[in-house]
A.B. asks: 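Pasting a structure here, questions to come.
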Amino acid sequence: MGASFVSLAERSMRTNFNEHMGLMTAIYSSFAAIMAGGVAFSAARVTLAEQERDLATLRVLGFSRLEVSYVLIGEIMVLALLSLPFAVLFGTGMAIWMTHLFSTENFAFPYVFDPAGYAFAISFTLACVLVAALVVRSAVDRLDMVGVLKARD
């Protein structure tokens, strides 16, 4: 009698957990997507602001818009690729730490390494960076080349 009641309670808890876990995963994934896009766009804008004069100088020297855009997007993508290993290590450490933090006497959440999840996160982040770089790239068309020619060092 007691064992079947525990079994029923466990089944009910698992069902409840599985139903709500999907919703929470969707909410957290949405926040992650918004944050990844925002950080990528902000980093791309900062890179453009730092390199604006150099990129305009390249345009004055005869480089095409495509070549100057390649320099800008290449720099942003290299920065993103260099940061990924550190981000993966930091994220893994934080996930392990949080699973220990949420463990209680009654509940324990094991850390589960999912290579497909990591691959998706890395691909999604790189896609966000690429989209942000392409959006910022349109500013290359509006570079002030006359201002670069008039400026004194």
Side-chain angles (χ1 to χ4, degrees), residues 12-104 107-153:
S12 174
M13 285 182 62
R14 286 189 184 276
T15 302
N16 192 18
F17 181 78
N18 288 336
E19 287 175 0
H20 292 101
M21 194 63 187
L23 176 65
M24 292 306 294
T25 300
I27 290 171
Y28 290 141
S29 296
S30 299
F31 282 133
I34 291 169
M35 287 174 47
V39 169
F41 182 73
S42 176
R45 290 289 307 164
V46 168
T47 301
L48 175 66
E50 289 175 351
Q51 304 293 330
E52 195 168 8
R53 181 178 158 82
D54 297 334
L55 296 173
T57 302
L58 289 175
R59 288 280 295 133
V60 169
L61 292 175
F63 284 77
S64 68
R65 290 179 182 164
L66 182 66
E67 291 167 332
V68 173
S69 299
Y70 178 75
V71 169
L72 176 68
I73 293 172
E75 180 179 341
I76 293 169
M77 290 306 290
V78 165
L79 287 174
L81 289 173
L82 289 176
S83 68
L84 279 176
F86 299 106
V88 167
L89 287 175
F90 179 74
T92 301
M94 195 165 153
I96 292 171
W97 176 65
M98 288 181 74
T99 54
H100 285 294
L101 204 63
F102 290 131
S103 293
T104 63
F107 300 102
F109 297 99
Y111 171 74
V112 178
F113 178 77
D114 182 19
Y118 277 82
F120 175 76
I122 289 170
S123 301
F124 184 79
T125 302
L126 289 177
C128 286
V129 170
L130 183 61
V131 169
L134 290 175
V135 169
V136 171
R137 192 226 64 82
S138 65
V140 170
D141 298 337
R142 299 185 303 269
L143 288 175
D144 183 18
M145 293 187 286
V146 176
V148 169
L149 290 174
K150 290 181 180 176
R152 294 182 181 173
D153 285 327

A.B. asks: Answer yes or no: are there more than 12 heavy-atom neighbours, outside F113 itself, under 6.0 Å from its atom CZ?
C.D. replies: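 Correct, the count exceeds 12.
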A.B. asks: Which distance, rounded to the nearest 0.5 Å, do you find between the CE of M94 and the CE of M98?
C.D. replies: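 Reported value, rounded in 0.5 Å steps: 5.5 Å.
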A.B. asks: Is any side-chain heavy atom of L126 closer than 4.5 Å to one of L84?
C.D. replies: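 Side chain of L84 against side chain of L126, heavy atoms only: contact under 4.5 Å found.
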A.B. asks: For the residue pair R65 and V140, what are the closest heavy atoms and their distance?
C.D. replies: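 Minimum heavy-atom contact is O-CG1, 4.3 Å.
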A.B. asks: Just verifying a value: how many Å separate L72 CG and D54 CG, rounded to the nearest 0.5 Å?
C.D. replies: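 Atom-to-atom, L72:CG and D54:CG are 11.5 Å apart.
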A.B. asks: So do F63 and L55 actually touch side chain to side chain, heavy atoms under 4.5 Å?
C.D. replies: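 L55 vs F63: side chains apart.
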A.B. asks: Could you check whether any side-chain N or O of S29 sits under 3.5 Å from a backbone N or O of T25, counting only pairs where one atom can act as donor and the other as acceptor?
C.D. replies: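 Answer holds: yes.
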A.B. asks: As an exercise, state the distance from CG of L81 to CD1 of I122, rounded to the nearest 0.5 Å.
C.D. replies: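 Rounded to the nearest 0.5 Å, the CG-CD1 separation comes out at 10.0 Å.
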A.B. asks: What is the distance from atom CG of L101 to atom CZ of F109, rounded to the nearest 0.5 Å?
C.D. replies: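 Between atom CG of L101 and atom CZ of F109 there are 12.0 Å.
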A.B. asks: Has the side chain of N18 got a donor or acceptor atom that lies under 3.5 Å from a matching backbone atom of R14?
C.D. replies: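 Checking the backbone N and O of R14 against the side chain of N18, a donor-acceptor pair under 3.5 Å is found.
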A.B. asks: Can you confirm whether L58 sits close enough to E67 that some side-chain heavy atom of one is under 4.5 Å from a side-chain heavy atom of the other?
C.D. replies: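 Heavy-atom side-chain distance check fails, nothing below 4.5 Å.
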A.B. asks: Could you tell me the separation between the CD1 atom of I76 and the CZ atom of R45, rounded to the nearest 0.5 Å?
C.D. replies: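 Reported to 0.5 Å precision, the distance equals 10.0 Å.
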A.B. asks: May I ask you to check whether over 12 heavy atoms, not counting those of Y118, lie within 6.0 Å of atom OH?
C.D. replies: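 It does: Y118 OH has more than 12 such atoms within range.
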A.B. asks: Got a sec: does the CE of M13 have more than 12 other heavy atoms crowding it under 6.0 Å?
C.D. replies: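 It does not: M13 CE has 12 such atoms or fewer within range.
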A.B. asks: Roughly how far apart are T57 OG1 and Q51 CD, rounded to 0.5 Å?
C.D. replies: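 Between T57 OG1 and Q51 CD, I get 10.5 Å after rounding to 0.5 Å.
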A.B. asks: Could you pull out the closest heavy-atom pair between A44 and A132, with the gap in Å?
C.D. replies: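 It is CB-O, 4.1 Å.
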A.B. asks: Just by modelled atom types, is the T99 backbone N or O under 3.5 Å from a matching donor or acceptor in the S103 side chain?
C.D. replies: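 Between the backbone of T99 and the side chain of S103 there is a qualifying donor-acceptor contact (under 3.5 Å).
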A.B. asks: Can you tell me if F90 has over 12 outside heavy atoms packed within less than 6.0 Å of its CZ?
C.D. replies: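 Counting neighbours around CZ of F90, 12 or fewer heavy atoms of other residues, nucleotides or ligands fall under 6.0 Å, so no.
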